[in-house]
Amino acid sequence: MQPDVSSVPDVSFVPDVSFIIAAYNAEATLDRAIASAIAQKDVSVEIIVVDDKSRDATLDVARAYPQDIVRVVALPQNRGPGGARNAGLDVARGRWVAVLDSDDAVFPGRMAAMIARAERADAQIAVDNLQVVREDGVVEDAMFPRQYLEHLGEISLATYIAGNVVFESKFNLGYLKPIFQRRFLDENRLRYDEKLRIGEDYILFADALAKGGRCVVEPDIGYAYHVLSGSISRVLELHHVEAMREADAKFAQTHRMDEAALAAFARRGRSLRKAASFLAMVQHIKARSPFKAIRTALSDPAAVRHMGMPIAVRLRRVAAQFAVGVGR
């Protein structure tokens with residue numbers, strides 16, 4: 001079944017930016033995201049909301065806007081965040097595309113500043129800083145120190161991979177919310193990996209850099225990142241890590257990397273292996289299988305050291321309790 005696109009666009013109009021909002025059960029926050037996209041200054045925008053077969057009133061919220069303001073794509077079945085964003089990319093007409101999460105928001109001058117910086121540098125990608133907003137509404141510090149982003153200036157493939165070493169990166173660049181030149185994505189056939197429920201943003205960004213895309217950094221804060229409990233991006237499970245490792249293996253087969261990128265890629269690979277071992281141990285502990293947990297720890301002791309002492313202490317305690325039970 002084809003997605004239901006609720007409006008026929010004026011093909012003669014090419015907006016500066018297409019906002020793609022993939023929405024799943026987002027009735028409580030979708031208005032905020034849409035309003036922030038509408039409020040952009042000094043750029044023309046189109047807003048595409050892709051309803052990923054929500055079970056709440058998300059689709060009704062999106063369709064309440066005039067069709068010339070919000071284009072709605074209703075997917076006939078759930079495709080996950082990557083699939084929903086791909087559906088948005090397939091109908092986008094803007095010179096630039098910006099993914100906006102349905103529970104987040106952007107500040108009014110964001111797109112004008114990012115597009116101007118990218119076009120001055122003849123770059124195909126741009127990123128900026130993020131404002132972290134807690135679930136209770138408390139505004140925290142910027143995600144990245146301004147001086148750090150100013151020093152970066154541009155982000156190479158090696159820098160980006162090194163900034164995505166799981167549980168090790170000082171500043172995790174995976175949280176960045178890039179904008180892409182749409183023509184660059186289309187010409188290089190770049191789309192999200194729909195098999196990934198976590199890490200799909202990383203792979204698309206890395207693919208774009210590996211294809212020769214230049215990424216400039218706007219150090220100002222333009223994106224409001226809302227931390228919500230229960231968000232899939234905050235619940236890392238073993239199958240997520242296994243899917244990420246599979247995607248990385250495909251990436252290595254597809255792209256050539258220079259020495260710096262290869263070194264960073266190897267570090268990331270080791271970190272994913274350790275993360276997989278750690279999460280396997282957690283699963284065994286939850287399943288009350290201490291021998292399996294200990295066997296996993298012994299097969300990859302670096303994972304225990306890497307993840308810190310609490311898990312190691314917990315494993316010892318579980319093992320000791322089990323040993324006492326056997327003695328009885």
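Keep in mind that this is a model prediction, so the values were computed, not measured. Residues: numbered from 1 along the sequence shown. Scope of the values below: all heavy atoms of this structure, side chains included, with no hydrogens, waters or symmetry mates.
The closest side-chain heavy-atom distance from R71 to V49 is not below 4.5 Å. For the pair R110/D128, a side-chain contact is recorded, criterion being any heavy-atom separation below 4.5 Å from C-beta on. In this structure, the side chains of I21 and V50 stay at 4.5 Å or more apart for every pair of heavy atoms. No side-chain heavy atom of D51 sits less than 4.5 Å from a side-chain heavy atom of L75. Between L173 and F144 there is a side-chain heavy-atom pair separated by less than 4.5 Å. In this structure, V132 and V227 have side chains that are in contact, with non-hydrogen atoms separated by less than 4.5 Å. Contact check for Q181 versus R95: no side-chain heavy atoms found under the 4.5 Å cut-off. Residues V216 and E218 fail the side-chain proximity criterion, which asks for heavy atoms closer than 4.5 Å.
Atom CZ of R183 sits in a sparse spot, with 12 or fewer heavy atoms from other residues, nucleotides or ligands closer than 6.0 Å.
With sequence neighbours excluded, the residues that form a ring-ring contact (aromatic ring centres under 6.0 Å, His included) with F251 are H255. Listed by chain and residue number, nothing satisfies the side-chain hydrogen bond (donor to acceptor under 3.5 Å, both in side chains) test with N188 (two or more places apart in sequence, or in another chain).
Within the 3.5 Å criterion, the main-chain N or O of Y148 finds no donor-acceptor partner in the side chain of H151. A donor-acceptor pair under 3.5 Å is formed between the side chain of N25 and the backbone N or O of R55. A donor-acceptor pair under 3.5 Å links the side-chain atoms of E46 to the main chain of R93, judged by distance alone. With hydrogens and angles disregarded, a donor-acceptor distance shorter than 3.5 Å links the side chain of N172 to the backbone of G174. Side chain of S271 to backbone of V166: a donor-acceptor contact under 3.5 angstrom is found.
No chain of hydrophobic side-chain contacts below 4.5 Å, direct or via other Ile, Leu, Val, Met, Phe, Trp or Tyr residues, connects V70 to Y24. The hydrophobic cluster containing V133 does not contain L30, counting ILVMFWY residues as joined when their side-chain heavy atoms lie under 4.5 angstrom apart, directly or transitively. Residues F107 and V43 fall into different hydrophobic clusters, defined by Ile, Leu, Val, Met, Phe, Trp and Tyr side chains chained together at heavy-atom separations under 4.5 Å.
A distance of 9.5 Å separates CG of L149 from CD1 of I221, quoted to the nearest 0.5 Å. With values rounded to the nearest 0.5 angstrom, Q131 atom CD is found 9.0 Å from E140 atom CD. The CE atom of M244 sits 8.0 Å away from atom CG of N164, with the distance rounded to the nearest 0.5 Å. A distance of 9.0 Å separates CZ of R189 from NZ of K211, quoted to the nearest 0.5 Å. Separation of atoms CG (L157) and SG (C215) is listed at 11.5 Å; rounding is to 0.5 Å. Interatomic distance, CZ of R146 versus CG of N129, reported as 8.5 Å (0.5 Å rounding).
Taking the ring centroids of Y225 and Y175, they lie under the 6.0 Å cut-off. Checked against the 6.0 Å centroid criterion, the rings of Y202 and Y160 qualify as a close aromatic pair.
In terms of heavy atoms, A208 sits closest to I125 at CB-CD1, 3.8 Å. A pairwise comparison of heavy atoms in M257 and A261 identifies CB-CB, 3.7 Å as the closest pair. The two atoms that bring S36 and A33 nearest to each other are OG-O, 2.8 Å, heavy atoms only. Closest of all the heavy-atom pairs between R79 and R197 is C-NH2, 4.1 Å. Across all their heavy atoms, I48 and G88 have their closest contact at CD1-O, 3.8 Å. Taking each heavy atom of L59 and A74 in turn, the nearest pair found is CD1-CB, 4.0 Å.
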Query - Working for side chain to side chain contact (heavy atoms under 4.5 Å, CB included), residues D207 and R191 - result: CA-CA 9 Å; D207 280 339; R191 289 297 187 266; over 6 Å; no

Query raised in the report: Where do L130 and K177 land on the side chain to side chain contact (heavy atoms under 4.5 Å, CB included) test, with the steps shown first?
Result: CA-CA 8 Å; L130 298 88; K177 301 293 184 179; 3.9 Å; yes

Requested in this report: Test side chain to side chain contact (heavy atoms under 4.5 Å, CB included) on S44 and V17 and set out the steps.
Outcome: CA-CA 7 Å; S44 57; V17 59; over 6 Å; no

Query raised in the report: Can T58 and E27 be said to form a side-chain hydrogen bond (donor to acceptor under 3.5 Å, both in side chains), step by step?
Result: CA-CA 4 Å; T58 295; E27 62 176 340; over 6 Å; no

Query raised in the report: Are E200 and K195 close enough, and set up right, to give a salt bridge (Lys or Arg N to Asp or Glu O under 4.0 Å), and what steps lead you there?
Result: CA-CA 8 Å; E200 75 282 354; K195 294 180 182 178; over 6 Å; no

Query - Worked check of side-chain hydrogen bond (donor to acceptor under 3.5 Å, both in side chains) between D104 and Y223 - result: CA-CA 8 Å; D104 291 337; Y223 193 100; 2.9 Å; yes

Query raised in the report: What do the steps show when you test F19 against Q40 for side chain to side chain contact (heavy atoms under 4.5 Å, CB included), and what is the final call?
Result: CA-CA 11 Å; F19 277 101; Q40 291 300 292; 3.7 Å; yes

Query raised in the report: So R85 and D90, salt bridge (Lys or Arg N to Asp or Glu O under 4.0 Å) or not? Walk me through it.
Result: CA-CA 9 Å; R85 290 168 184 164; D90 289 342; over 6 Å; no

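Sorted by first then second residue, the salt bridge (charged side-chain N to carboxylate O under 4.0 Å, His left out) pairs that include residues 241-266, not counting sequence neighbours, are D248-R268.
Between the side chains of W96 and Q124, not a single donor N or O lies within less than 3.5 Å of an accepting N or O.
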